[in-house]
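To keep things clear, I will list the structure first and then write my remarks on it.
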Amino acid sequence: MSTLKRDDDYKFLRIVDAIASINQKVNLFGVVIETGLPKQTKGTDCIWCLKIVDESHPSPGIFVNVFAENFEKLPRVESAGDIVQLSLVLMKIHGSEVYAIFNKKYSSFALYEGRDGSRFVPYQVSSKFHAREQDKKFIAGLRKWTISRQPETASSDSLSLKEINEGHRFNLTCKVLHICEVKEGEWMLFVWDGTDAPPVNVHTKLEEEVENPLPLQLEASPLSRDVLRTFPAVGTVLRMTPEQCNEKLGLHLLKAGRWVQFRNISFKVHFGLWCGILQPFSKFCYLPNNDNLVLQCQRAYNERVKRKWDRVPLSSFPWPSHITDTDYQEVPFVTLMDILCYPEVTAKFRCVVRVLATFPTHPSNFRAPCGTYRLRLTLEDPTARLHAFLYAKDAVKFFGGYPSIDTMIKLQNALLGVEEKGAEKPRNPPWIQCCLKSYYVDKTNIWGSRKYRIFGTQLIN
DNA sequence: TTGGGG
């Protein structure tokens, strides 16, 4: 196996020439167009795979497999389109695919800003990296070339959350809002693009509400109000998890607040909630803030939130069902996320929601032995779920007095989107409008004892 | 050593 001679140290190959240098150690500059997910290998190291291109090989690019002894030493590419300088990487072939292998013992890397950068100082270097004056001309050359090149996101088919459906190999352009360790070594991402994920059918049986009520969120312990308050009030916050929890992904390295494009991900429904699934072969890359797709998402969201009457689910357009009517018709709707994040404990709202479940499950138990109504509804909109209680005179107004059990069953079926009595079909609850109030039950712990109650709302027969 | 483009 040949290595570069001393006087070849400054020699940087074009990718097309590196591809022809199998089993040799070469020096390269490239534009990073995609990264995998950082992973722990089966050996002792971590790996992060980059895909790079240059003018000699603008498509499809070659993979650079970078190994390092810990996650922190891996190249953390800040943005698709950034430039990587690689010294003494070994060119190898597997099948018909040519790779560059970064060996921690003798290879080195440096990362530079891409087309929008003007500095020649790398933002990250590996321990063996030495800067040289000649580097600048390669960086300047690549920057000049990338300006004429279409950004990667322009050509990739990317879904928005309002278009997701169950299946595999989707690309999603979104903003990472939050990353948290939900269990020891298990990380969950919270992503958003300003649109609403489509409502899904509820497959659980209503009777299961007694033993296994529908969860309000996918994470075992709900996010704190401080975290929720950093989330936008409009648009679905999608939870994303790795397909295999034991997959040793370095998800904690991802940065909240950045727009990214995920590639080759799946979407599944858990308990009627959409969930993004990261597979071992899923990719992601941070997008520059001036990426066209990012700007489009932000513009659409800004338009949406500034319209007074637009805080309703996209799929309830142009108007929710006419199953309910509310007082305070002049009050604009808010989202459940608005309600969860409202800065005061006691407040009144109007919103458009679906009723996923009732507890008790059968109308014959909606009233206590003393005759007073007392039931709990599980509500959702594209932004959140919450439990809302229906009590006493608010329930009398809601149900229009004390209808017969048969009538009550009909009302409940309409509310829950049950097609016919006794059918084993999934429920598809309609969007309804309702008034909600938040209140507390313990004066010494007002936030900890906050609850929600439906009022000023009636079912229309 | 590890991973390997699905």
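All values derive from a computational prediction rather than experimental measurement.
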Mind checking Glu34(A) for me? I need base, sugar-phosphate or nothing, with any heavy atom below 4.0 Å counting as a touch.
base
Just how far, in rounded Å, is P of dG3(B) from CG of Leu90(A)?
17 Å
Can you tell me how far P of dT1(B) sits from CD of Gln40(A), to the nearest Å?
18 Å
On a plain distance test, is the side chain of Lys104(A) in donor-acceptor contact with the base of dT1(B) below 3.5 Å?
yes
Between dG3(B), dG4(B), dT1(B), spot the one nearest the side chain of Phe67(A), thanks.
dG3(B)
Any chance you could measure Lys104(A), atom NZ, to Cys46(A), atom SG, to the nearest 0.5 Å?
9.5 Å
Pairing of Arg304(A) and Asp196(A) as salt bridge, 4.0 angstrom limit:
yes
Rounded to the nearest 0.5 angstrom, the OH-CD1 distance for Tyr99(A) and Ile22(A) is 11.5 Å
Please check: side-chain N/O of Arg115(A) versus main-chain N/O of Asp82(A), any donor-acceptor pairing under 3.5 Å?
no
Phe102(A) vs Val64(A), nearer the 5' end of DNA chain B by closest nucleotide
Phe102(A)
Provide, to the nearest angstrom, the distance between the CG atom belonging to Leu50(A) and the C1' atom belonging to dG4(B).
15 Å
Whole-Å distance separating the CG atom of Asp45(A) from the P atom of dG4(B):
14 Å
What integer distance in Å separates Phe170(A):CZ from dG6(B):C1'?
16 Å
Using atom CD1 of Ile47(A) as one end and atom C1' of dT1(B) as the other, report the distance to the nearest whole Å.
11 Å
What contact category does Cys49(A) fall into here, base, sugar-phosphate, or nothing, at under 4.0 angstrom with non-hydrogen atoms?
base
Has the side chain of Thr44(A) got a donor or acceptor atom sitting under 3.5 Å from an opposite partner on the base of dT1(B)?
yes
Under 4.0 Å between a side-chain nitrogen and a carboxylate oxygen: does that hold for Lys255(A) and Glu78(A)?
yes
In whole angstroms, how far is the P atom of dG4(B) from the CD atom of Glu97(A)?
12 Å
Candidates dG6(B), dT1(B), dG3(B) - which lies nearest the side chain of Lys42(A)
dG3(B)
Roughly, in whole Å, what's the span from NZ in Lys39(A) to P in dG6(B)?
13 Å
